[in-house]
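Every value quoted in this text rests on a predicted model; they were computed, and no experiment measured them. Residue numbers begin at 1 in each chain, while the letters A, B, ... track the order of the sequences.
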Amino acid sequence: MTLEKPLTKDIPADGRALDLGGYERVGGYQALRKALRDMTPQKVQEEVKNSGLRGRGGAGFSTGLKWSFTPMGADAPRPKYVIANADEMEPGTFKDRHLMEGNPHQLIEGLILTAYANQADIAYIFIRGEYKFSEERLARAVTEAYAAGYLGKNILGSGYGLEMYLHVSAGRYMCGEETGLLNALEGKRANPRAKPPFPQVSGLWGKPTIVNNVETLANVPHIINHGAAWFQSLSHTKDAGTKLYGASGKVKRPGLWELPMGTTMREILEEHAGGMREGLEFRGALPGGASTDFLVPQHLDVPMDFTEVQQAGSRLGTGTMVVLDDKTCPVGMVSNLIHFFAQESCGWCTPCWSGLNWAKQILKALEDGEGKSGDLEKLEFQAKFWAPGHTFCALAPGAAEPLQSALKYFRDDFERHIQDQCCAFQRR
Amino acid sequence: MLTTEERQEIEVEMARYPTREAVCIDAMKIVQRHRGWVSDESIRDIGELLQMSSADLDGVATFYNLIFRKPVSPHVIMLCDSVSCWIMGYDRIREHLTARLGIQFGETTADNRFTLLPIVCLGACERAPAMTIDNDLYGNLDPASVDRLLEGCK
């Protein structure tokens with residue numbers, strides 16, 4: 001069986017972006033033509049819902065279900081918005097950059113289809129400021145799409161119209177959080193908003209708004225072209241489609257691969273990433289970015305999909321794993337992660353701004369050989385304190401995941417830091 | 001005073017959003033592109049154009065990593081300090097940069113050529129450790145490649 005790689009197969013190997021002509025030659029914008037000609041918005045929504053597509057930004061929520069809450073029909077508030085969340089800032093994650101740099105029109109077509117399915121009037125691509133190539137290539141692609149009649153009033157003579165704008169962010173992890181992103185687009189600090197109301201009902205400037213991740217949107221044209229059943233058939237497991245998996249850390253070949261959803265961590269690490277570097281052993285990995293629980297050698301055969309990774313006690317997250325080797329200090333790694341979360345906390349909720357800074361100081365003390373008995377219990381208390389429901393958004397609950405799992409799997413390392421009053425790895 | 005060019009660029013952005021406030025981040029980035037940073041005077045001028053108070057604008061400016069409220073040198077180096085780069089040798093690159101430039105994070109060299117800042121994950125984890133110079137990305141860094149990059153800066 002040849003593996004299908006719908007998202008990446010047309011990305012030029014030489015690092016250039018596929019331009020409009022190149023995209024059209026491989027079937028680009030055929031899904032848009034099909035949808036506008038043959039499908040009602042409801043039919044597009046249904047196809048995506050039936051495909052089983054789940055959000056690739058990390059939360060894994062059903063995309064079709066998300067769309068189904070959008071008010072439709074003549075009475076729906078206007079304008080309605082759709083947003084591509086291209087604020088890829090989850091540490092360890094570098095998948096959306098590849099899709100945007102290599103095939104910007106695929107994202108644009110997915111966003112237009114999403115807009116059509118939800119009968120939106122305006123689309124924004126919210127991209128982080130450091131992604132210079134992605135920004136340049138998307139800006140050019142949007143201009144090309146307007147010139148070809150895929151954007152603007154009366155797209156391809158269908159009567160449906162959409163305006164699309166690029167918003168280049170000024171940088172902050174919170175902008176990737178759905179409601180923080182809405183505040184950032186409104187020109188505010190990217191603090192989170194209370195849910196409900198959900199953005200589909202009351203989002204940008206109080207209007208119905210759909211926010212989807214880049215990889216999620218890139219799947220939509222293929223689902224419309226080939227159908228829900230085809231999309232389901234791509235996967236090894238119940239969660240449908242392919243997935244962009246990545247590996248960074250001390251593996252032989254760090255990188256990114258589009259593989260069937262449900263590929264095991266072992267296959268990704270050993271076959272695609274080439275295994276660990278000489279002289280190093282695998283100790284664990286954050287399976288999908290900084291805010292996911294560590295998985296350890298006993299989990300190597302877990303299929304990497306939303307359902308199975310959750311059963312193993314973690315989350316698929318973004319699917320780009322950060323690998324911990326046996327010569328790198330797990331306490332130092334967690335200290336680095338918690339420093340990141342403390343710095344990027346927006347300060348809105350007390351468990352987050354206060355608790356993260358407290359934990360950061362304890363972890364720093366452990367690393368500096370100044371750990372005290374009781375420190376690990378304080379860290380455990382904090383991780384519980386950041387649980388979902390205690391804060392407006394998922395930043396603090398996300399930060400708890402690597403901390404609580406490191407305390408579980410690498411307990412000896414933490415205790416040794418206190419007993420020996422130093423870091424045995426002495427990597428610095 | 002905003003220049004005619006700055007004002008025109010900000011007005012292009014105004015057509016893309018239904019409120020003036022929504023343009024404020026773009027407006028500050030436009031001014032920064034022309035002047036290197038956003039001064040108190042620029043905050044006042046942008047506030048006047050967008051009908052926002054200086055306090056509101058400063059609250060937004062200080063929230064975002066890429067808006068500079070202090071002068072920076074012509075070359076801004078941002079070194080990724082997030083997890084993959086940390087595993088792959090961030091400390092060694094930081095030590096090399098700070099020793100070679102004679103400055104710490106947040107500082108500018110005496111000859112005003114380089115400003116050094118930390119930055120969160122640049123999404124270049126497969127090429128860690130990574131940094132940007134003037135928003136151009138460089139990965140797989142070691143002390144020798146850092147030296148070459150610094151020497152290449154005019």
4.5 Å side-chain heavy-atom contact, B:Ile87 and A:Leu324: no
Exceeds 12 heavy-atom contacts within 6.0 angstrom, atom CD of B:Glu151: yes
Residue pair A:Lys132, B:Thr132: steps toward the side chain to side chain contact (heavy atoms under 4.5 Å, CB included) verdict: CA-CA 11 Å; A:Lys132 182 181 158 182; B:Thr132 60; over 6 Å; no
From CA spacing to verdict: side chain to side chain contact (heavy atoms under 4.5 Å, CB included), A:Glu186, B:Thr19: CA-CA 8 Å; A:Glu186 292 185 8; B:Thr19 68; 5.9 Å; no
Inter-chain contacts: residues 32-47 of chain B against chain A, heavy atoms under 4.5 Å: none
Nearest-0.5 Å distance, CG of residue B:Leu137 to CZ of residue A:Phe133: 8.0 Å
Over all atoms of both residues, closest heavy-atom pair of A:Tyr165 and B:Ala15: OH-O, 4.2 Å
Contact leader toward chain A among B:Cys80, B:Cys85, B:Ala27, B:Gly123, where contacts are heavy-atom pairs under 4.5 Å: B:Gly123
Nearest-0.5 Å distance, NZ of residue A:Lys95 to SG of residue B:Cys125: 12.5 Å
Region of A:Glu163 in contact with chain B, defined by heavy-atom distances below 4.5 Å: neither
Contacting region of A:His98 [heavy-atom separation from chain B under 4.5 Å]: neither
Options B:Leu57, B:Val23, B:Val60, ranked by heavy-atom pairs under 4.5 Å with chain A, top entry: B:Val60
Separation of B:Met88 CE from A:Ser248 OG (nearest 0.5 Å): 8.5 Å
Minimum heavy-atom distance A:Thr328-B:Trp86, with the two atoms named: CG2-CZ3, 3.5 Å
Chain B contact via A:Arg97 - side chain, backbone, both or neither, heavy atoms under 4.5 Å: side chain
Engaged part of A:Cys175 at the chain B interface, taking heavy atoms whose separation is under 4.5 Å: side chain
Region of A:Tyr81 in contact with chain B, defined by heavy-atom distances below 4.5 Å: side chain
Heavy-atom contact with chain B under 4.5 Å, split by part of A:Ala184: both
Heavy-atom pair count under 4.5 Å with chain B, highest-scoring of A:Arg128, A:Glu344, A:His339: A:Arg128
Chain B contact via A:Glu130 - which portion, at a heavy-atom distance below 4.5 Å: both
Contact class of B:Ala124 relative to chain A, heavy atoms under 4.5 angstrom: both
Closest approach of A:Leu166 to B:Arg16 (non-hydrogen atoms, all atoms of both residues): O-NH1, 4.0 Å
OH on A:Tyr173 to SG on B:Cys121, rounded to 0.5 Å: 10.0 Å
Contact summary for B:Cys24 and A:Gly187, nearest pair of heavy atoms: SG-O, 3.2 Å
Whether B:Lys29 side chain and A:Gly129 backbone form a donor-acceptor pair below 3.5 Å: no
Partner chain A: residue of B:Ala128, B:Pro18, B:Ser84 with the largest heavy-atom pair count (under 4.5 Å): B:Pro18
Closest non-hydrogen atom pair between A:Lys188 and B:Tyr64, with its separation: O-OH, 2.6 Å
Top contributor to chain B contacts, counting heavy-atom pairs under 4.5 Å, from A:Met174, A:Met89, A:Met333: A:Met333
Contact origin within B:Leu122 toward chain A - heavy atom pairs under 4.5 Å: both
Side chain, backbone, both or neither of A:Asp325 within contact of chain B (heavy atoms, under 4.5 Å): side chain
Region of B:Asp81 in contact with chain A, defined by heavy-atom distances below 4.5 Å: both
Side chain / backbone / both / neither for B:Arg92 at chain A, heavy atoms under 4.5 Å: neither
Which portion of A:Leu185 sits near chain B, non-hydrogen atoms under 4.5 angstrom: both
Minimum heavy-atom distance between A:Ala190 and B:Phe63, given as atom pair plus value: N-CE2, 3.2 Å
Note, B:Glu126 side chain near A:Thr320 side chain (heavy atom, < 4.5 Å): no
A:Arg253, part contacting chain B, at a heavy-atom distance under 4.5 Å: neither
Under 4.5 Å from any heavy atom of chain B - which part of A:Val168: both
Contact check, side chains of A:Arg189 and B:Thr62, non-hydrogen atoms, under 4.5 Å: yes
Non-hydrogen side-chain atoms of B:Val83 and A:Phe340 separated by less than 4.5 Å: no
Expected output: side-chain A:Arg172 to main-chain B:Asn65 donor-acceptor under 3.5 Å: no
Plane angle bin for B:Tyr17 and A:Trp205 - parallel if under 30°, tilted between 30 and 60°, otherwise perpendicular: perpendicular
